[in-house]
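What follows is a short report on a single structure.
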Amino acid sequence: MFQLTGKENYQGLTDWYEKTYKTKVDFVANPDLLLSKDYLLLSAVYFWLKYDLHEKADNGDKGEHVDKITEVINKKTKTYKNRRGNFEKIKKEKVFDSISFE
């Protein structure tokens, strides 16, 4: 899952959650909530929306597009090649072909 780091990001998630779901959950004071099934994917969704990663994803499905997203998530990582490989494997195996977003 996505690892959120930094108090600023936890505060941003707290603020976004309250605005989005009209209820207060303090992820700064309770960061372990993100380990629970109720909030497990939440930090990834928040980060994805905060940095408009959907716009980068909509630009295409080539390695260069994966790299652009990786730059935002973890610019200094040494795993660019692995991430591109994982993406190509998911695409080849058509993991998401059966999902309808309508």
Side-chain angles (χ1 to χ4, degrees):
M1 293 297 108
F2 189 82
Q3 178 186 353
L4 198 63
T5 59
K7 184 177 179 181
E8 179 181 318
N9 281 320
Y10 280 91
Q11 185 60 59
L13 175 59
T14 297
D15 297 342
W16 172 80
Y17 188 88
E18 183 174 8
K19 179 180 176 187
T20 304
Y21 296 102
K22 309 297 185 230
T23 187
K24 177 94 173 180
V25 177
D26 190 345
F27 296 104
V28 176
N30 303 290
D32 286 347
L33 285 174
L34 294 175
L35 301 174
S36 74
K37 66 178 177 65
D38 294 331
Y39 302 109
L40 191 60
L41 294 174
L42 189 63
S43 65
V45 170
Y46 163 71
F47 196 88
W48 190 264
L49 294 173
K50 177 181 178 183
Y51 290 101
D52 297 321
L53 295 180
H54 55 284
E55 291 177 8
K56 293 184 183 322
D58 286 346
N59 286 329
D61 64 353
K62 305 284 186 247
E64 65 198 59
H65 304 110
V66 175
D67 288 349
K68 291 293 184 187
I69 292 171
T70 300
E71 283 177 15
V72 175
I73 295 171
N74 191 354
K75 187 173 189 165
K76 295 181 182 181
T77 188
K78 296 179 179 168
T79 63
Y80 280 83
K81 182 178 178 183
N82 292 345
R83 290 170 188 239
R84 287 190 302 272
N86 289 337
F87 179 80
E88 288 301 321
K89 182 179 177 184
I90 288 168
K91 191 169 75 169
K92 180 180 177 186
E93 293 177 8
K94 301 180 180 183
V95 171
F96 294 108
D97 280 7
S98 64
I99 297 174
S100 174
F101 296 102
E102 297 177 19

*Would you kindly confirm whether Leu53 and Leu13 end up in one hydrophobic cluster when ILVMFWY residues are joined by side chain heavy atoms under 4.5 Å apart?*
yes
*Which value, rounded to the nearest 0.5 Å, describes the distance between Leu41 atom CG and Leu34 atom CG?*
10.5 Å
*Could you list the residues that satisfy side-chain contact (heavy atoms from CB on, under 4.5 Å) with Ile90, not counting sequence neighbours?*
Val95, Phe96
*asked:* Minimum heavy-atom separation for Val28 and Thr14, please, with both atom names.
replied: N-OG1, 3.7 Å
*With side chains defined as the heavy atoms from C-beta onward, is the minimum distance between Asp52 and His54 less than 4.5 Å?*
yes
*asked:* If the condition is side chain to side chain donor-acceptor pair (under 3.5 Å), which residues does Asn9 pass it with, not counting sequence neighbours?
replied: Lys50
For residues 57-66, tabulate all N or O donor-acceptor pairs below 3.5 Å that involve a side-chain atom, not counting sequence neighbours.
from: Asn59; atom 1: ND2; to: Glu55; atom 2: O; distance (Å): 3.4
from: His65; atom 1: ND1; to: Lys62; atom 2: N; distance (Å): 3.1
from: His65; atom 1: NE2; to: Asn59; atom 2: O; distance (Å): 3.2

*Partners meeting side chain to side chain donor-acceptor pair (under 3.5 Å) with Thr77 (sequence neighbours left out)*: Thr79
*Applying salt bridge (charged side-chain N to carboxylate O under 4.0 Å, His left out), name anything that partners Glu71, two or more places apart in sequence or on another chain.*
none
_Counterpart residues, salt bridge (charged side-chain N to carboxylate O under 4.0 Å, His left out), relative to Asp67 (two or more places apart)_ = Arg84
*Could you give the distance from OH (Tyr10) to CG (Asn30), rounded to the nearest 0.5 Å?*
11.0 Å
*Might you point out which heavy atoms bring Tyr80 and Asn74 nearest each other, and give the distance in Å?*
OH-O, 4.1 Å
*Taking only residues two or more places apart in sequence or in another chain, which ones pass side chain to side chain donor-acceptor pair (under 3.5 Å) with Trp16?*
Thr20
*Got a sec, which pairs hit salt bridge (Lys or Arg N to Asp or Glu O under 4.0 Å) with one end in residues 6-27, sequence neighbours left out?*
Glu18-Lys24
*Is Tyr21 reachable from Val45 through a run of hydrophobic residues whose side-chain heavy atoms are each under 4.5 Å from the next?*
yes
*Phe27: ring pair (Phe, Tyr, Trp, His ring centres under 6.0 Å) partners, not counting sequence neighbours*: Tyr17, Tyr39
*Are Ile69 and Phe87 linked, directly or through other ILVMFWY residues, by side chains that come within less than 4.5 angstrom of each other?*
no
_Pairwise distance OG(Ser43) to CG(Leu35) - rounded to 0.5 angstrom_ = 9.5 Å
